[in-house]
Amino acid sequence: MGLKIYNSLSRQLEEFSPLMDGHVSMYSCGPTVYDYIHIGNARTALITDIIRRYLEYRGYAVKLVQNLTDIDDKIIARAKTLGISSGQLAQTNGKAYFEDTQRLGIQPADVHPKATEHIPEMIELIQMLIDKGAAYVIDGSVYYRVNSFNEYGKLSRRKPEDLLAGARVEVDERKEDPRDFDMWKAAKPGEPSWDSPWGPGRPGWHIECSSMAMKHLGETIDIHAGGEDLLFPHHENEIAQSELATGKPFARYWVHVAFLKIDGRRMGKSEENFIFLREALDRYPAEVIRHFLISAHYRHPLDYSLESLQKSESALKRLNNCLETLQKYHEEIPVVAEIDNATPSNVSETNMNLLSAIDTMQSRFTDAMDADFNSAQAVGSIFSLVSQVNKAIGSSNGVFPDTFASAYRKLTEICQVLGIYKINEDNTDTTAENYDALIELLLEIRQGARDQKDWDTSDKIRDRLKQLNIEIKDTHDGSTWKFVS
RNA sequence: GGUGGCGUAGCCAAGUGGUAAGGCCGGAGUCUGCAAAACUCCUAUUCGUCGGUUCGAUUCCGACCGCCACCUCCA
C-alpha cells in the first residue's frame, strides 16, 4: 500500500510517485504580506508543513518552496493609509509571518522567494509568452491571451461561456477577452514600480508563482498546494502561463486545502471575521492549535470556535499525561536494550497486548496518512494506543519497562510528524531544573505531614503551589509535580 | 445562471457494500485521606428526508430538503 493523494486536477485519488525517485518537489502558495496571517491562512500553511513532515518521515527528500507576495494592490493601499512605503510594510509583515508560523511549529520552507526579488525572471517569462503570441501589451500593461491556451479551464472545469455568464467578471474594455488577465501592471503615478520593456510597472499575482516555482523547482513540480480559493483563477492561470511557456505539465499533484470557517462562514480577510494566528497563539499552546487544525481532514471545512479549541486542549492533556508517565521509563531504559525485548518466559498477556498495540498504532497511522494525509484518522490511532497504555499502567502486572519505553518512543516519533507534542521544547526544562530542589524540599515536608495525617498542612502546600501553576499528583510511587498553564 | 462540496451520537470528527475509529462534555462507579490522573460502565440497531439497485446501503444511483464555497482580491 502506497501513498495516495487526491489530485484536484483529475479529481481523483492517485497513487503518488514523484518525478525523481526518492525526491519530492513541492510548492505552496504563501501569504500576501499586507497584514498578519489569520488562523485560516495558518491551516493551509500547517497542512503543507505536515505533508512535508510526513513525506520526510516516509523517507523522501523534500524540497519545499513557499513564496511571499510582497507587492500588490493591497500592500500598496495599506502602506498608503499607514503612511509608510510598500517595502517597509511588506518587510514588517513578512517578518511577522515567520514569527507566527514558527510559533506554530511550522518549519521554514527550503526557499522563501519574494516577488520583488524575481522581477527579471518574471519579465523573461512574460516576454517569452509575448513572443509566442500568448500575450499582448496595452498602455504599458501585459495581458495573457486566454484563447491561446486551449486547455484553459482544465483545473477549475470552467467553460468560457460560464465565465462570461457570471455578472461578476470585471469588464475592462481594453482587454480582448474578459477572461484575459494581467501579467504586468503599468504603474500609476506614485506607485512603486520596476522597469520593464513595456514601461514601469509591477508583476501580476499569477506570474510570480509560475516564475518562482519554475526557477526554484524546475519546469514540472510534483506537488502544488494552496487554499481552495486559489484553484480559480490563480492556479488555473499559473497553469496557463507555465504550460504554454514550457510545453510541459506544471504540477503533477494539485492539493487544495478547504476553508476554515467561523460561525459557519468562511474566515476571510474581506469578511472581517478572522482571528489572527498570533492572537490564538497568545491564548493556546501551539500544539493545541495544531491539534485543532488537523482534527478534520484537510479537504473538509472546519469550523473555528472557542469550544473546539477547548476540546483540543483537553484531548492534548490526555496525551501529555500519558507521555509524561511513560517518559521516565524511556529515561531509565537505554535505547539499545529495547531491541531485544522479545522473549522472557514470564511475559504477560498485558505486555503482549501492549506490544501489539504499538505495532497496530504504527500501521494505522501510516495507513491513515497514506490515505491522502488523513490526519484526523491518524490522531485517532494515537489515542487508541494512549488508551491501551493507560490500561497497562493501571494494571502494571508483568509489563516490562522496555515495553513502556518503546511505547514512549513510538508515540513521540509519530507525534513529531504531526507536531502535537512538545514542538518548541527548549526553555521550560532549565526553569524546571532551577525549581527542582526547592519543590522537592516542599514535597518532602508535605510527605512528612501526610505521614502524620496532617491534611491541613499537606493540602495547603498543594493548594499554594497550584496557585503558582505547579500541580502536584499523589501516586502509588510518591508525589510528582509539573508546571501547568 | 455555471461549478464544486457538505449534512454521522449532546458537541467535534473518521469511516466502510455486511451492520459505526478517536476526542470533548455529562452521569454512575473503582482507586485515593481529599485532590489530580487513570480505569470500568452508561451516551447512534443508527449515519438529513424519500425512493431505487442489491441477499444486504450509512456507504452505489435518483429526487428532495438544508447548509457552505468558488465564478472579483482572499489560504
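Please read these numbers as outputs of a predicted model, since none were measured by experiment. Basis for what follows: all heavy atoms, side chains included, without hydrogens, waters or symmetry-related copies. Numbers restart at 1 for each chain; the letters A, B, ... are given by sequence-line order, proteins then strands.
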Rounded off to whole Å, could you give me the [atom1]-to-[atom2] distance for the [X] and [N] pair?
X: A/Lys269; N: B/rU72; atom1: NZ; atom2: C1'; value: 17 Å
X: A/Ile461; N: B/rC34; atom1: CD1; atom2: P; value: 19 Å
X: A/Ile262; N: B/rA69; atom1: CD1; atom2: P; value: 13 Å
X: A/Trp481; N: B/rA36; atom1: CH2; atom2: C1'; value: 16 Å
X: A/Leu319; N: B/rA38; atom1: CG; atom2: P; value: 11 Å
X: A/Leu443; N: B/rA36; atom1: CG; atom2: P; value: 18 Å
X: A/Tyr36; N: B/rA75; atom1: OH; atom2: P; value: 17 Å
X: A/Lys261; N: B/rC12; atom1: NZ; atom2: C1'; value: 13 Å

Do the side chains of [X] and [Y] get close enough for a salt bridge, i.e. N-O under 4.0 angstrom?
X: A/Asp459; Y: A/Arg462; value: yes
X: A/Glu151; Y: A/Lys154; value: yes
X: A/Arg450; Y: A/Asp474; value: yes
X: A/Lys74; Y: A/Asp35; value: no
X: A/Arg446; Y: A/Asp451; value: no
X: A/Glu176; Y: A/Arg145; value: yes
X: A/Arg53; Y: A/Asp49; value: yes

Check the phosphate of [N] against [X], side-chain N and O only, distance under 4.0 Å to OP1 or OP2. Yes or no?
X: A/Arg265; N: B/rA69; answer: yes
X: A/Asn390; N: B/rA37; answer: no
X: A/Arg157; N: B/rC71; answer: no

base_contact_polar ([N] base, [X] side chain, donor-acceptor, <3.5 Å):
X: A/Arg462; N: B/rA35; value: yes
X: A/Asp459; N: B/rG33; value: yes
X: A/Asp474; N: B/rC34; value: yes

Do A/His224 and A/Tyr27 have their ring centres less than 6.0 Å from each other? yes
Using the [atom1] atom as the reference point in each nucleotide, state the distance between [N] and [M] in Å, no decimals.
N: B/rU40; M: B/rU49; atom1: C1'; answer: 39 Å
N: B/rC24; M: B/rC67; atom1: C1'; answer: 24 Å
N: B/rC65; M: B/rC50; atom1: C1'; answer: 10 Å
N: B/rC47; M: B/rC60; atom1: P; answer: 15 Å
N: B/rU59; M: B/rU16; atom1: C1'; answer: 6 Å
N: B/rC11; M: B/rU32; atom1: P; answer: 37 Å
N: B/rC12; M: B/rC68; atom1: P; answer: 15 Å
N: B/rG18; M: B/rU45; atom1: C1'; answer: 14 Å

To the nearest 0.5 Å, tell me how far A/Asn7 CG sits from A/Trp254 CH2.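 Here the interatomic distance stands at 9.5 Å.
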Is it true that the NZ or CZ of A/Lys269 lies under 6.0 Å from the centre of A/Tyr34's six-membered ring and within 45 degrees of the ring axis?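 Yes, A/Lys269 lies over the aromatic ring of A/Tyr34.
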Assess A/Arg43 against A/Tyr298: is NZ or CZ under 6.0 Å from the centre of the six-membered ring, and within 45 degrees of the ring's axis?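 Cation-pi check for A/Arg43 and A/Tyr298: fails.
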Here's a test for you: under side chain to side chain contact (heavy atoms under 4.5 Å, CB included), which of A/Cys29, A/Ser156, A/Cys209 qualifies with A/His235?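 Option passing the side chain to side chain contact (heavy atoms under 4.5 Å, CB included) with A/His235: A/Cys29.
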Taking only the side-chain heavy atoms of [X] (C-beta and beyond), determine which of [options] contains the nearest atom.
X: A/Phe232; options: B/rC73, B/rC70, B/rA75; value: B/rC70
X: A/Thr32; options: B/rU3, B/rA75, B/rG33; value: B/rA75
X: A/His297; options: B/rC70, B/rA14, B/rA38; value: B/rA14

Under 4.0 Å, heavy atoms only, any strand: does [X] hit a base, just the sugar-phosphate, or nothing?
X: A/Gly226; answer: sugar-phosphate
X: A/Leu231; answer: nothing
X: A/Arg446; answer: base

Quick one: stems involving RNA chain B, counted as three or more successive Watson-Crick or G-U pairs, both distances short of 3.5 Å. B:1-7 with B:65-71, B:10-12 with B:22-24, B:26-30 with B:38-42, B:48-52 with B:60-64
Return the orientation label for the A/His234 and A/His206 ring planes: parallel under 30°, perpendicular over 60°, tilted otherwise. tilted
How are the rings of A/His300 and A/His297 set to each other: parallel, tilted or perpendicular (split at 30° and 60°)? perpendicular
Considering heavy-atom distances to RNA chain B, does A/Lys473 or A/Leu302 have its closest nucleotide positioned more toward the 5' end?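 Closest to the 5' end, via its nearest nucleotide, is A/Leu302.
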Between A/Trp455 and A/Gly227, who's closer to the 5' end of RNA chain B by nearest nucleotide?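 The residue closer to the strand's 5' end, by nearest nucleotide, is A/Trp455.
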Can you check nucleotides 5-7 of chain B for protein contacts, nitrogen or oxygen pairs under 3.5 Å, and list what you find?
none

Report, as a single string ordered 5' to 3', how protein heavy atoms within less than 4.0 Å touch nucleotides 20-32 of chain B: B base, S sugar-phosphate only, - not at all. -BSBSS-------
